[in-house]
Amino acid sequence: MKIITVLGARPQFIKASALSRAISRHNELNPEKVITEIILHTGQHFDHNMSQTFFEDMAIPKPTYNLDINSLSHGAMTGRMLEKIEKILLTEKPDWVIVYGDTNSTLAGALAASKLHIPVAHIESGLRSFNMKMPEEINRILTDQISKILFCPNDTALENLNKEGFVEKPVSVVKTGDIMLDSALHYKNSAIKPKSLISLDTNFAVLTMHRAENTDNPQRLNDYIENLLDLCGTQKVVFAIHPRTAAKLAQFNIQFEHENLFKIDPVGYLEMIWLLDNCSLVLTDSGGLQKEAFFFHKPCVTLRSETEWTELVEVGANILCPEPENLLLSVSTQLKRSINYNSALYGCGSAAQQIVETLTESNHV
Ligand code: UDP
């Protein structure tokens with residue numbers, strides 16, 4: 001069996017590493033049924049510390065193709081990816097195309113494949129924020145519509161797809177648990193303390209923020225920074241600044257310093273694992289970090305008005321902070337809560353193995 005994995009963004013490298021490991025294990029155990037995986041990197045994320053570092057740290061096979069498509073508007077980026085991916089699929093003729101999550105790379109890979117009648121497997125399928133202004137929501141809904149196997153990370157995703165009528169369609173909907181948990185468990189004992197944080201040990205918050213709705217409005221971004229500085233009056237914060245956010249802060253000329261604020265460049269996954277393991281709180285608008293906070297038993301404040309990971313809010317592990325001025329209140333609420341981290345909301349860390357088994361047994365090819 002030949003598969004092409006289409007990826008392009010940081011969280012996809014983390015998810016794909018688990019699948020590549022499971023494929024290698026499968027190939028060792030089943031030499032007569034080898035899966036050949038070809039990696040196609042769209043180039044959507046291209047900075048060394050947003051891409052290459054992840055391939056090196058997580059031993060992801062080197063991409064056979066790198067399209068180097070980035071820094072464009074949504075339409076231009078998706079359109080160029082579509083054209084180039086189609087050419088590669090026509091040459092490679094894979095049995096499956098695998099896509100992850102909700103980025104432009106996800107949609108372009110799924111669209112190119114489905115138009116050529118190559119079956120698509122969507123990993124992290126069924127999530128919904130119900131906010132159609134988010135480009136991610138558009139990408140995930142459309143990708144689900146053209147996939148043949150929809151791998152769901154949790155019950156909520158499964159329920160969403162059931163409500164949308166997927167049970168009636170000639171596709172397979174499979175709940176596997178969350179593939180990010182596979183990675184978190186695999187790398188938990190390989191965590192590396194970031195060199196720039198030598199003086200820091202525990203009792204700090206980790207902050208990441210990069211969603212367009214938070215970064216692209218100068219007033220909103222400035223309000224977040226002001227409230228962050230207030231929070232730093234009582235709380236050490238490590239802010240790993242995404243390139244998009246750094247560019248917007250520079251464009252809007254927003255400058256800020258505080259003795260309790262540790263501004264750092266984006267870190268590699270092994271360093272992020274160290275931060276998650278040692279922090280006392282996560283502040284984020286990232287989808288992945290909301291779950292990872294739960295994996296590492298850390299309370300989370302989500303800097304958005306809705307989340308697709310609703311079960312985390314229901315169990316109290318996560319609280320939504322829709323407005324910057326709510327930041328301090330949300331933090332103090334979350335730090336006071338007693339949170340039960342014992343429920344297996346995201347499975348047991350064997351998603352990648354289940355995905356490989358389902359692909360090898362599938363009759364969609
Ligand atoms: N991450 C990382 N270094 C950082 C920030 C995030 O390794 O400096 C990881 C994080 O642990 C998570 C993933 O990147 O697994 C989340 O990616 P991102 O926030 O870019 O995307 P989203 O999850 O929102 O789609």
Side-chain angles (χ1 to χ4, degrees), residues 7-18 44-58 60 70 99-107 123-125 127 129 131 134-140 143 153 178-188 190-197 205-215 237-246 262-279 282-296 298 300 302-304 306-309 312 318 346 349 351:
L7 39 65
R10 176 169 67 181
Q12 294 166 337
F13 309 143
I14 296 165
K15 294 164 199 168
S17 74
Q44 189 173 342
H45 281 172
F46 56 96
D47 291 309
H48 190 274
N49 58 3
M50 295 289 290
S51 174
Q52 180 85 17
T53 306
F54 290 84
F55 282 83
E56 288 165 5
D57 284 359
M58 307 175 90
I60 306 169
N70 47 62
V99 296
Y100 295 85
D102 54 24
T103 67
N104 292 338
S105 306
T106 314
L107 179 60
I123 297 177
E124 209 180 70
S125 168
L127 296 178
S129 68
N131 176 358
M134 287 179 75
E136 293 89 348
E137 182 77 351
I138 298 169
N139 289 339
R140 55 173 91 97
T143 301
D178 195 310
I179 197 163
M180 280 198 137
L181 180 58
D182 295 30
S183 295
L185 294 176
H186 186 78
Y187 287 106
K188 197 173 162 63
S190 314
I192 298 173
K193 183 173 184 177
K195 284 200 188 73
S196 54
L197 297 175
V206 181
L207 165 65
T208 78
M209 184 169 75
H210 70 281
R211 302 242 94 85
E213 65 261 32
N214 284 333
T215 58
V237 179
V238 175
F239 186 8
I241 307 182
H242 191 282
R244 166 199 198 95
T245 314
F262 300 77
K263 292 190 286 181
I264 58 173
D265 288 333
V267 292
Y269 184 63
L270 303 183
E271 292 173 309
M272 182 46 83
I273 293 284
W274 184 91
L275 291 171
L276 286 162
D277 211 12
N278 289 279
C279 74
V282 174
L283 310 170
T284 193
D285 62 9
S286 153
L289 269 156
Q290 292 175 53
K291 283 177 292 169
E292 287 165 340
F294 183 78
F295 301 158
F296 285 86
K298 302 300 159 79
C300 183
T302 293
L303 312 173
R304 286 175 49 192
E306 77 284 302
T307 176
E308 42 295 346
W309 304 103
L312 292 174
N318 192 358
Y346 301 106

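Atoms within a ligand are numbered from 1 in the order they appear, just like the ligands themselves.
- Protein residues with a heavy atom closer than 4.0 Å to ligand 1 are R10, P11, I14, F54, M180, H210, R211, A240, P266, V267, G268, Y269, M272, S286, G287, G288, E292, listed by chain and number.
- With 3.5 Å as the limit, one finds no donor-acceptor pair spanning the side chains of Q12 and S105.
- Taking the side chain as every heavy atom from C-beta outward, L127 and D102 never approach each other to under 4.5 Å.
- Contacts of R10 classified as salt bridge (charged side-chain N to carboxylate O under 4.0 Å, His left out), with partners at least two apart in sequence or in another chain: none.
- Counted by atom type alone, D285 and N214 present one or more donor-acceptor pairs between their side chains at under 3.5 Å.
- Under the rule for a salt bridge (charged side-chain N to carboxylate O under 4.0 Å, His left out), E56 has no partner lying at least two apart in sequence or in another chain.
- For K291, the salt bridge (charged side-chain N to carboxylate O under 4.0 Å, His left out) test picks out E124, D178, with sequence neighbours left out.
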